[in-house]
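A, B, ... follow the sequence lines: proteins, then strands. Residue 1 opens every chain.
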Amino acid sequence: MSQESASAANFIRNQLRDELESGQGASIVTRFPPEPNGFLHVGHAKSICLNFGLAEQFGGVCHLRFDDTNPEKEEQVYIDAIKEDIQWLGFEWGGDARFASDYFDTLYEWAQHLVREGKAYVDDLNAEQMREYRGTLTEPGKPSPHRERSVEENLDLLDRMRKGEFAEGEKSLRAKIDMAAPNINLRDPVLYRIRHARHHQTGDAWKIYPSYDFTHGQSDALEGVTHSICTLEFEDHRPLYEWFLANLPVPNTPRQIEFARLNLNYTVTSKRKLKLLVDQNIVDGWDDPRMPTISGMRRRGYTPASIRKFCDMIGVARAASVVDIHMLYHAIRSDLEDNAPRAMCVMKPLKVVLTNWDADREEVFEVPGHPARDDMGMRKLPMTKTLWIDQDDFMEEPPKKFFRLAPGKEVRLRNTYIIRCDEVIKNDAGDVVELHCSVDYDTLGKNPEDRKVKGVIHWVSETHGVPIEVRNYDNLFQVESPDKDKDIDFLEHLNPDSLEICQAIGEPALAEARAEDRFQFERVGYFCADRYALDEGKRVFNRTVSLKDGWAKAQKKG
RNA sequence: UGGGGUAUAGCCAAGUGGUAAGGCACCGGUUUCUGGUACCGGCAUUCCCAGGUUCGAGUCCUGGUACCCCAGCCA
């Protein structure tokens, strides 16, 4: 029941609840039907959360079924990746994954059934001719010259198509519905096309493959799916979906319900475009942390809970919409705020020498792993005479209200003492290369009574800090809607600064981080130890999302 | 003057005839050894527009307008 309170109402959830309450069905079966021709992205996550979430909430089941009717575009690697992503998100499909190709035999029998009923025929028109015969949006189509072949001839031709006697594109099996239908999907849609391609599941068993329309609803029916939830672009296919169910001896009649697909600003959610980014090496694979793929988000540091929360926040409706990326940022920040241990890490090091600290003195502070989570224990923070602080935390000529270090000014080193900047050391080029500061030893765990020191900055001991590579990721695109303008290639909107690599220095505890450990680097952001880097002997942290930066915001306002 | 959909704040989204939820973003303030978090407050006299019905309309009716999807042997 916690599921129910955690999930916002939406029209599909309401509909199922009403149906169940009024006794129109005893239980529900949903399905998530990806085509294994690419990796799953955040839009699929919405569908996954919806389908699996509904099944979970109403005590039903959700099948994972690969919609694998186009062998030329599909691959086993995608199947494996899709399964892993769904499991990582925290969902189970119960039993084995299913494949539309499991039903190829039945589908073929049903095609023959349609032929025998005079409701399907083998056509000789090629693709181009078929387009001409189909008519346009405003003009009706006209019947193919082969539309009235006899049942016997159709059966024979279909059998020979299956045996591979014809070349690809030479023939196709079509439903005989209505060439003048205002809904173009009803103008004798193709049921089977010839493809002399090896299929990743069925090998060389078939020379013909069923179309989506001829496969999807029947697969739903064969699996006992009660609610076939899909995106809006399939709405026009619903009459066809229902036509097959009505004209075939199917064991039950699932209902198709459509909802609006997810669009997110500053990114693209189109498998075709994502594949292009991968194929052109614009990103480092499908799971590049900048990709909106589930595996990319995982590598970036998103948690399964944060993605599920996001899907819950955005809701489910039928209006086309574009969700603000801040919703996603909010979802991950709120998870990590509660659950990520804290650490200090200096991105762009600036040397600080404590002038009133003995050269060989070392003091180790025990500080909380998380300010509000005792269960996260304590960590050790060694302090020495020479430290690193972030370059951004020092300004030689600071503006008003700059609460960090500046000549003659004081700041607290997080978890330790207040220091004052007494001297600024520059190199020949005039760059600040070192700060000489003095420690006020009477400020540990308390504030001075005669003055207010508002600033707190993070730091790392020079002798104990561990070098780490930090990859700061930003939006892949620099405009809100990269694919809005049809005349401009979306690649032109690529953000040249989507990745910034820093040779940073982290506190000692970070040396122990294991793959996918997440931290808040205090005052900076949330970071995730890269899944793969450790195997390569490198210590790499990916920035999941920055902390909100009130100072930067104030600066911008002037 | 093809068909199918959708319009509620900058964004997402509840709402199904009884007087506009919630979240994000944004703007103030309080607290704070993270300019973070937390907390408090602000943010639609009005629901695409115009008429109509009704004691009462975001919800019903009529007529418009805008936007999205469809002419793959892709899904």
Side-chain angles (χ1 to χ4, degrees), chain A residues 8-11 33-35 37 67 69-70 72-73 123 125-127 130-132 134-141 168-174 180-187 189-195 208-209 211-213 215-216 230-239 258 260 262 265 271-272 312-331 333-334 337-338 342 344 367 371-372 401-404 412-416 418 443-447 453-458 480 520-525 546-555:
Chain A
N10 66 59
F11 76 100
E35 185 189 9
N37 66 346
D67 226 335
T69 57
N70 189 355
E72 290 169 332
K73 290 186 176 174
D123 199 355
L125 256 33
N126 63 33
M130 204 179 284
R131 195 180 319 124
E132 288 164 10
R134 188 155 35 229
T136 69
L137 292 178
T138 53
E139 302 157 26
E168 290 189 7
E170 197 178 334
K171 287 190 169 21
S172 64
L173 183 74
R174 294 228 261 167
N183 180 344
I184 287 181
N185 293 306
L186 264 18
R187 318 239 265 230
V190 168
L191 271 33
Y192 269 95
R193 70 278 210 205
I194 297 169
R195 287 284 180 281
I208 58 173
Y209 291 94
S211 63
Y212 163 84
D213 285 308
T215 306
H216 203 91
C230 63
T231 44
L232 248 24
E233 64 268 30
F234 293 102
E235 195 160 16
D236 289 343
H237 293 246
R238 188 172 359 121
E258 310 86 13
L262 168 67
N265 60 14
K271 253 199 251 183
R272 201 204 107 239
D312 213 62
M313 285 170 66
I314 59 176
V316 177
R318 287 174 62 89
S321 60
V322 182
V323 172
D324 194 322
I325 191 84
H326 286 285
M327 292 262 235
L328 228 202
Y329 295 158
H330 173 78
R333 282 191 186 118
S334 73
E337 161 63 25
D338 292 343
R342 311 286 129 121
M344 291 198 284
V367 306
K401 294 193 177 174
F402 182 77
F403 306 133
R404 308 177 191 178
R412 179 178 295 279
L413 294 179
R414 174 73 167 153
N415 292 310
T416 67
I418 288 172
T443 55
L444 188 61
K446 61 181 176 182
N447 287 319
V453 177
K454 195 168 161 71
V456 179
I457 65 173
H458 54 282
E480 273 197 51
Q520 183 198 93
F521 290 172
E522 288 190 297
R523 304 207 314 129
V524 181
S546 67
L547 246 34
K548 283 202 240 173
D549 191 345
W551 171 242
K553 196 180 285 183
Q555 288 296 283

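Annotated stems with RNA chain B as a participant read B:2-7 with B:65-70, B:10-12 with B:22-24, B:26-30 with B:38-42, B:48-52 with B:60-64, given as range with range, by first number; only runs of 3 or more Watson-Crick or G-U pairs under 3.5 Å qualify.
Residue contacts shown for Leu125(A) include a base, since a base heavy atom lies under 4.0 Å away. Across all strands shown, Arg414(A) has heavy atoms under 4.0 Å from base atoms, whether or not it also approaches the sugar-phosphate.
Applying the salt bridge (Lys or Arg N to Asp or Glu O under 4.0 Å) rule to Arg134(A) yields no partners; only residues at least two apart in sequence or on another chain are considered. Under the rule for a side-chain hydrogen bond (donor to acceptor under 3.5 Å, both in side chains), the partners of Arg404(A) that lie at least two apart in sequence or sit in another chain are Asp393(A). Phe402(A) meets the ring pair (Phe, Tyr, Trp, His ring centres under 6.0 Å) test with Trp551(A); sequence neighbours excluded. With sequence neighbours excluded, the residues that form a ring pair (Phe, Tyr, Trp, His ring centres under 6.0 Å) with Tyr212(A) are His216(A), Phe234(A).
Between C11(B) and A38(B), the two P atoms lie 25 Å apart (nearest whole Å). Remark: the separation of the C1' atoms in A57(B) and G18(B) is 10 Å, to the nearest Å. The same atom, C1', is picked in G58(B) and in U16(B); the two are 11 Å apart, to the nearest Å.
Using modelled atom types, one finds a donor on one side chain and an acceptor on the other under 3.5 Å when comparing Asn447(A) with Arg412(A).
Nucleotides of RNA chain B that come within less than 4.0 Å of any heavy atom of chain A span, from the 5' end to the 3' end, G2(B) to A75(B).
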